[in-house]
J.: 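First the structure, which I've put down as structure tokens, then a few questions once you've had a look.
Letters A, B, ... are given to chains in the order of the sequence lines, protein chains preceding strands, and every chain is numbered from 1.
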2 protein chains.
Amino acid sequence: MNVGIKDVARVAAVSPATVSRVLAGRPVDPDMRDRVMAAVHETGYRPNLAARRLRSRHTNTIGLIVADIRNPFFTAVSRTVEAIAYDRGLRVIFCNTDEDAAKEAMYLQLMQEERVTGVILAPTREGADRIAHVESDFPIVLIDRAAPNASCDSVVIDNAAMAAKLVVHLHRLGHRRIAGLFGTDTVTGRERCDGYGRAMEECGIPGQVVPVPHEREQAQRVITALLEDASRRPSALVVSNSVMLQSVLRVADALELEIPRDLALTSFDNEPWMEFVGGGLSVIEQPVEEIGRAAVTMLMDRLDHADCVTRRVVLAGRFIARGSGGRGAEA
Amino acid sequence: MNVGIKDVARVAAVSPATVSRVLAGRPVDPDMRDRVMAAVHETGYRPNLAARRLRSRHTNTIGLIVADIRNPFFTAVSRTVEAIAYDRGLRVIFCNTDEDAAKEAMYLQLMQEERVTGVILAPTREGADRIAHVESDFPIVLIDRAAPNASCDSVVIDNAAMAAKLVVHLHRLGHRRIAGLFGTDTVTGRERCDGYGRAMEECGIPGQVVPVPHEREQAQRVITALLEDASRRPSALVVSNSVMLQSVLRVADALELEIPRDLALTSFDNEPWMEFVGGGLSVIEQPVEEIGRAAVTMLMDRLDHADCVTRRVVLAGRFIARGSGGRGAEA
DNA sequence: CCTAGTAGGGAAAACGTTCTCTGTGGTTTT
DNA sequence: AAAACCACAGAGAACGTTTTCCCTACTAGG
């Protein structure tokens, strides 16, 4: 049998209500407060959060649902969200959907049952579409992947502009055959694809969009098909994220392509190891900490102003030029 | 106002107890079951987990506390634990301590307040020591870092043997000046260090142990000191994990050392990008999925057999030889 | 046909808190 | 000096479930 608030009250010779008040930091006579604190330490009392949540009707818990925890981008954002949330006395329920819309729906329902205060969500494509219509009991902040028409607050980076930046960079270096590799299932992929397409148009060169599935084996097959024929091979690639980039590197390695000599490479996301591959990869670094911080802040703010219009925070990425752009054939 | 079990009961014209029984899958008259299910759908009822946990006195929740979520090893293990746990109907409370013993203690207390079923923990060095003495209300399974004398179940890999394997590999390639870089704060680091030391002894060459702090800046300073003087530079390195490895790579890059020509490199952990650095890094791959699975299984088993003696699962790592061993000067 | 046993449903207690409401003692105001 | 007010403590309800206990109706065995 565990020690409860009544036991503490008995030891301190006060009422349970007073113990509760002391623990909540409400005004209580200093004498009593000391007696209560002493009793708490003496008994080793630990409040039962389930009971507290039931009675008080707020859980001080947020849900964090990401699509792929192996993607370092999400890892980094999660870490920030977790740190900030715990700092503010919020618990975090962490979920990983592995890009599975059914799992996502299941988790969203779980959040409902947990009566969470709010949710931070990086949705799958399907999920993003669904969210736009559904009304939930708690506020949701979308991160990284948010259709512009969403009915939720969101924190994103300017994907189109960033993709364009990569295209322009490659174009300046003299590349004319620049293929774009983008995820098939995410809003992010689509936005980056759009930015890529427009930038190619503005450069006056024909684009070549390659949709890449999330699953690794399939991804490598698609990429192999793109690169194996030397005569039709693009001279440069814009890659949508670091996971996809690893598939590209593996295929390039298998085909014995040297970077950037045989193939120039640019990508989203910035990981430490990218400094050491292909003479240093030129990438768009995403402001992962800011994204996490903005998401939590936005969520807290939404709780205070439930009826405020939906907001969209758009952050800029940072372009980091290293050597992997190489020189285009026509430079 | 949210819909509760009483509302469902009213709609289905049964008692709340019956609704509870239906939802729990206990034997109930088929007619009533149908009525209840219909009422559940009609009302959109979602059980309140806080109330359920309070009354039933089991939370079906496990805590997962890791020391550094940015370390892909922990990411991978976490992903497996999460997937398996949710499969078994368990919630996971995920926490990241950032190698901070105080944060770890705070989280452990939180677990107490959440009345979790059990905890899977990758402790800091301090934490590992403390755990050995403390008795908690819930079972704890230690992963990755577990002092052999711990009073908890644990899942680890055979760190000493694996470190020795790297030493032997390098020795066979002709290296004689092999430095070992290990974390200062973890049991794992110490074990790998021991294995390294013994293997060096057996090879009959003097060891050079370099303690590397977890914080990145400091780590790079230590590594720079080790590598900058060409005359005293070791010809090969055994590195304790992939995070530390990235610091090594950055320093090597800054000093313009080529791998493996100027410096042979071996490490623990296997990440996709390691294929493409230094002609492919030779590493020890840890069985991350098995570790996660074993941890959950062990925890569940401990719940059924509370008084069983403490067990220790030791898994083997897999050595993957690539090119980064190079050729030692004396080969 | 009667009794014992069983299966399943309803009423109400219980889980451990917080919250509301009431009471009391002291202080300020008139 | 009386009235009004304020600050704070205690009693007990309430949160939304599950569980316990009892009761009924049915089945099986004698």
J.: Would you call the rings of B:Phe94 and A:Phe94 parallel, tilted or perpendicular, where under 30° means parallel and over 60° means perpendicular?
T.: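 The rings of B:Phe94 and A:Phe94 sit tilted, inter-plane angle from 30° to 60°.
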J.: Does A:Asp153 have any salt bridge (Lys or Arg N to Asp or Glu O under 4.0 Å) partners at least two apart in sequence or in another chain, and if so, which?
T.: A:Arg302, A:Arg311
J.: Below the 4.0 Å mark, does C:dA11 have OP1 or OP2 next to a side-chain nitrogen or oxygen of B:Ser15?
T.: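 Answer no for this pair, as no side-chain N or O of B:Ser15 is under 4.0 Å from OP1 or OP2.
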J.: Please name the pair of heavy atoms, one in A:Val8 and one in A:Val36, separated by the smallest distance, quoted to 0.1 Å.
T.: CG1-O, 4.2 Å
J.: Determine yes or no for a side-chain-to-main-chain donor-acceptor pair under 3.5 angstrom, with A:Ser56 supplying the side chain and A:Arg52 the backbone.
T.: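 Indeed, once roles are kept as given, a pair shorter than 3.5 Å links the two residues.
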J.: Can a side chain N or O of A:Ser56 be found less than 4.0 Å away from OP1 or OP2 on C:dT18?
T.: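 For C:dT18, neither OP1 nor OP2 has a side-chain N or O of A:Ser56 closer than 4.0 Å.
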J.: Taking atom CD of B:Glu126 as the centre, does the number of heavy atoms from other residues, nucleotides or ligands within less than 6.0 Å exceed 12?
T.: no
J.: Name the atoms and distances for all side-chain donor-acceptor pairs under 3.5 Å in residues 62-75 of chain A, with sequence neighbours left out.
T.:
residue, atom, partner, partner atom, Å
A:Asp68, OD1, A:Arg70, N, 3.1
A:Asp68, OD2, A:His214, NE2, 3.3
A:Asn71, OD1, A:Phe73, N, 2.9
A:Thr75, OG1, A:Ile69, O, 2.8
A:Thr75, OG1, A:Asn71, O, 3.3

J.: With a 4.5 Å cut-off on side-chain heavy atoms, are B:Asp7 and B:Arg10 touching?
T.: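 Contact flag for B:Arg10/B:Asp7 side chains = yes.
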J.: Under 3.5 Å, which N/O atoms of the protein pair with N/O atoms of nucleotides 24-27 of chain D?
T.:
none

J.: Quickly work out the A:Lys6 NZ to D:dG10 C1' distance and round it to whole Å.
T.: 14 Å
J.: Any N or O donor-acceptor pair under 3.5 Å from the base of C:dG16 to the side chain of B:Arg55?
T.: no
J.: Could you list by number each residue of residues 22-34 of chain A showing a heavy-atom separation from DNA chain D of less than 4.0 Å, or answer none if no residue does?
T.: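 DNA chain D contact set from residues 22-34 of chain A: A:Pro27, A:Val28, A:Asp29, A:Met32.
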J.: Return the value, rounded to whole Å, for the distance between atom CZ of B:Arg46 and atom P of D:dT17.
T.: 11 Å
J.: Specify the separation, in whole Å, of atom CD of B:Glu114 and atom P of C:dT17.
T.: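 Taking atom P of C:dT17 as the reference, CD of B:Glu114 is at 13 Å.
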J.: Within residues 36-45 of chain A, which residues have any heavy atom lying less than 4.0 Å from an atom of DNA chain D?
T.: none
J.: For the side chain of A:Thr186 and the backbone of A:Gly183, is there at least one donor-acceptor N/O pair under 3.5 Å apart?
T.: no
J.: Once you round it to whole Å, what is the distance between C1' of C:dG16 and CG of B:Leu54?
T.: 6 Å
J.: Figure out the CD1/P separation between B:Ile5 and D:dA14, and round it to whole Å.
T.: 19 Å
J.: Whole angstroms only, please: what is the CZ-P distance between B:Arg53 and C:dT17?
T.: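 After rounding, the reported distance stands at 16 Å.
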J.: Can you find a donor-acceptor pair, distance only, under 3.5 Å between A:Arg57 side chain and D:dG16 base?
T.: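 Answer no: no donor N or O sits under 3.5 Å from an acceptor.
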J.: Taking OP1 and OP2 of C:dG10, is either one under 4.0 Å from a side-chain nitrogen or oxygen of B:Thr18?
T.: yes
J.: Check for a donor-acceptor pair, side chain of A:Thr188 on one end and backbone N or O of A:Asp144 on the other, with a separation under 3.5 Å.
T.: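 Side chain of A:Thr188 to backbone of A:Asp144: a pair is present.
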J.: Could you pick out which residue, A:Ser20 or B:Ala13, lies toward the 5' side of DNA chain C when each is mapped onto its nearest nucleotide?
T.: B:Ala13
J.: Determine yes or no for a side-chain-to-main-chain donor-acceptor pair under 3.5 angstrom, with A:Thr61 supplying the side chain and A:Thr59 the backbone.
T.: yes
J.: Taking side chain as C-beta onward, heavy atoms only, is A:Val141 less than 4.5 Å from A:Ser154?
T.: no
J.: Could you state the CG-P distance from B:Leu49 to D:dG16, rounded to the nearest angstrom?
T.: 14 Å
J.: What's the closest nucleotide to the B:Val14 side chain, out of D:dA9, C:dC19, C:dG10?
T.: C:dG10
J.: Would you kindly give the CZ-to-P distance between B:Arg52 and C:dT17, to the nearest whole Å?
T.: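 B:Arg52 atom CZ is separated from C:dT17 atom P by 21 Å.
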J.: Just grab all the salt bridge (Lys or Arg N to Asp or Glu O under 4.0 Å) pairs involving residues 97-117 of chain B, residues at least two apart or on different chains.
T.: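 Qualifying pairs, neighbours excluded: A:Arg46-B:Glu113, A:Arg53-B:Glu114, A:Arg79-B:Asp98, B:Glu99-B:Arg145.
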